[in-house]
2 protein chains.
Amino acid sequence: MDYRKSLNDILVRLFAHVLDIEEKCLKKGEFSDLTIKEMHIIDSIGIEKESSMSETAKELGITSGTLTIAIDNLIRKGYVQRNRSKEDRRVVLVKLTEKGSRAYRAHEDFHKDLVASVLEVLEDKEKGLLIKVLSNIDDFFKKKYHI
Amino acid sequence: MDYRKSLNDILVRLFAHVLDIEEKCLKKGEFSDLTIKEMHIIDSIGIEKESSMSETAKELGITSGTLTIAIDNLIRKGYVQRNRSKEDRRVVLVKLTEKGSRAYRAHEDFHKDLVASVLEVLEDKEKGLLIKVLSNIDDFFKKKYHI
DNA sequence: TAATATAATTTGAATATCAAAATATTTGAG
DNA sequence: CTCAAATATTTTGATATTCAAATTATATTA
């Protein structure tokens, strides 16, 4: 049996599906004015803390210029606040508004649900194997492409 | 062991980065003028065959209008040819040029590498189980989220 | 203090995307 | 056989995403 072909096909399909599912669920809920990318920015800013633009951009793997524009939109939509740092006036700190925090938690819940649903249908042995394989993919990327 | 947390962390990291990595890998090679989305269009057109615009758009989950523009760019860059069907003159058939076929194969190799690195750490018994587990997850997503 | 470094924003350009309108062609009902 | 409806694609107008390079403001350091 050709494991290589089966595995490749199913991984490609799964990766594509998870993102579709995430987007679809987002568009149905309370925060349908957010794109997936905006939701990931909210996730990266995190709850109950202030992050600088450059920190956040680095974590997301985008340039500061790109983030500036995205943050402009998130402020316009009421999810984020922007303040200059008192210690270093060059630094801009962003933080989630109350609405932003609710969006953060909704996204967190979605992930929890998704993972719980997947684990529910697996035996213990299968759970272990799944984690081993995904960690391995993660390592492969780290080693080979230095992420 | 807390499978939930492990699985969630790995999924978040992997899904956030997998396309970045693929893109980064792409930008280092011979086909650095392609974006990852253009590469996926090349992948969807496939080697040694002609596909219609609507077939291809459907497979990719984008509108024909979006595909038209992307194909314009791929033609300009020399990866794709466009021809009208003889049987039905409404239909436009696209196919890879020689350069397009080379790009296709380079992308195929990236996936082969990834899959090989996953399989190499597994016992034969685990390989079978992995395919089964991933297929189950895929089916589960189909049912629960109607993708 | 003046040069240099750092943080962020702005600008200009390309790609990505959709919905709706427009164009060309085929099909099917009468 | 003809004309309305259906189909395939492209065009248009709008917004989002992205980057690199230029610009602005502030801090650091020689």
Side-chain angles (χ1 to χ4, degrees), chain A residues 16 19-20 23-24 26-27 31-45 50-77 79-95, chain B residues 16-17 19-24 26-28 31-45 50-95 103:
Chain A
L19 289 178
D20 285 351
E23 178 116 44
K24 219 182 238 177
L26 187 60
K27 290 299 175 196
F31 304 108
S32 58
D33 63 339
L34 291 173
T35 65
I36 283 286
K37 305 212 171 184
E38 287 174 327
M39 188 56 103
H40 287 152
I41 293 172
I42 287 175
D43 190 65
S44 176
I45 292 173
E50 289 191 307
S51 317
S52 77
M53 292 296 286
S54 41
E55 267 168 25
T56 307
K58 191 176 174 193
E59 194 176 306
L60 289 163
I62 57 178
T63 62
S64 312
T66 299
L67 186 60
T68 295
I69 293 167
I71 292 289
D72 287 346
N73 289 325
L74 284 170
I75 288 170
R76 184 171 46 73
K77 294 179 185 175
Y79 291 96
V80 172
Q81 278 179 285
R82 171 155 45 191
N83 295 298
R84 252 180 211 283
S85 160
K86 258 103 190 171
E87 292 82 52
D88 184 339
R89 307 247 331 122
R90 290 171 304 180
V91 173
V92 166
L93 298 170
V94 285
K95 103 180 195 210
Chain B
H17 285 298
L19 288 178
D20 288 350
I21 292 157
E22 215 173 334
E23 176 120 42
K24 220 182 240 175
L26 190 60
K27 292 296 178 197
K28 281 194 295 204
F31 304 107
S32 58
D33 63 341
L34 290 174
T35 66
I36 194 68
K37 305 215 171 185
E38 287 175 327
M39 188 56 103
H40 287 152
I41 293 172
I42 287 175
D43 190 65
S44 174
I45 293 173
E50 289 190 306
S51 317
S52 78
M53 293 295 286
S54 39
E55 266 168 27
T56 307
K58 191 176 173 192
E59 194 174 306
L60 289 163
I62 57 178
T63 63
S64 311
T66 299
L67 186 59
T68 296
I69 292 166
I71 291 289
D72 287 347
N73 289 326
L74 284 169
I75 288 169
R76 183 173 46 75
K77 295 178 184 175
Y79 291 95
V80 171
Q81 279 178 284
R82 172 154 45 191
N83 296 298
R84 251 177 211 285
S85 159
K86 257 101 191 172
E87 293 82 50
D88 184 339
R89 306 246 332 119
R90 291 171 304 180
V91 173
V92 166
L93 298 169
V94 286
K95 100 181 198 207

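Numbered from 1 within each chain, the chains take letters A, B, ... in sequence-line order.
For the residue pair B/A103 and B/Y79, the shortest heavy atom distance occurs at CB-CE2, 3.9 Å. Smallest separation of non-hydrogen atoms from B/E59 and B/S44: OE2-OG, 3.1 Å. Closest of all the heavy-atom pairs between B/S52 and B/E55 is OG-N, 3.1 Å. A/N83 approaches A/E50 most closely through the heavy-atom pair ND2-OE2, 3.9 Å.
The side-chain hydrogen bond (donor to acceptor under 3.5 Å, both in side chains) check on B/T63 picks up B/T66, with sequence neighbours excluded. With sequence neighbours excluded, the residues forming a side chain to side chain contact (heavy atoms under 4.5 Å, CB included) with B/E38 are B/L34, B/T35, B/N73, B/L74, B/K77, listed by chain and number. Scored by the salt bridge (charged side-chain N to carboxylate O under 4.0 Å, His left out) test, A/R84 finds no partners at all (sequence neighbours excluded).
Contacts between chain A and DNA chain C, taken as any atom within less than 4.0 angstrom of a protein heavy atom, begin and end at C/dA5 to C/dT10.
Looking only at distances, no side-chain donor or acceptor of A/K95 sits under 3.5 Å from a matching main-chain atom of A/Q81. Side-chain atoms of B/S51 come within 3.5 Å of backbone N or O of B/I45 as a donor-acceptor pair.
Of the candidates B/L67, B/I62, B/L93, B/T56 forms a side-chain contact (heavy atoms from CB on, under 4.5 Å) with just one, namely B/L67.
Rounded to an integer number of Å, the gap from CG of A/D33 to P of D/dA16 is 11 Å. In this structure, the CG atom of B/N73 is 13 Å from the P atom of D/dT10, given to the nearest Å. In this structure, B/K37 atom NZ and D/dT18 atom C1' are separated by 11 Å, rounded to whole Å. Rounded to an integer number of Å, the gap from CD of B/E38 to C1' of D/dT18 is 13 Å. Rounded to an integer number of Å, the gap from CZ of B/R82 to C1' of D/dT11 is 12 Å.
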Produce a footprint string for nucleotides 25-30 of chain D: one letter per nucleotide, 5' end first; B if the base is under 4.0 Å from any protein heavy atom, S if only the sugar-phosphate is, - if neither.
-> BBS---

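Rounding to the nearest 0.5 Å places CG of B/L26 at 8.0 Å from CD of B/E22.
A heavy atom lying under 4.0 Å from DNA chain C marks the following residues of residues 58-68 of chain B, by number: B/G61, B/I62, B/T63, B/T66.
Along DNA chain C, the nucleotide nearest to A/D72 and the one nearest to B/I41 differ in position, and the one closer to the 5' end is contacted by A/D72.
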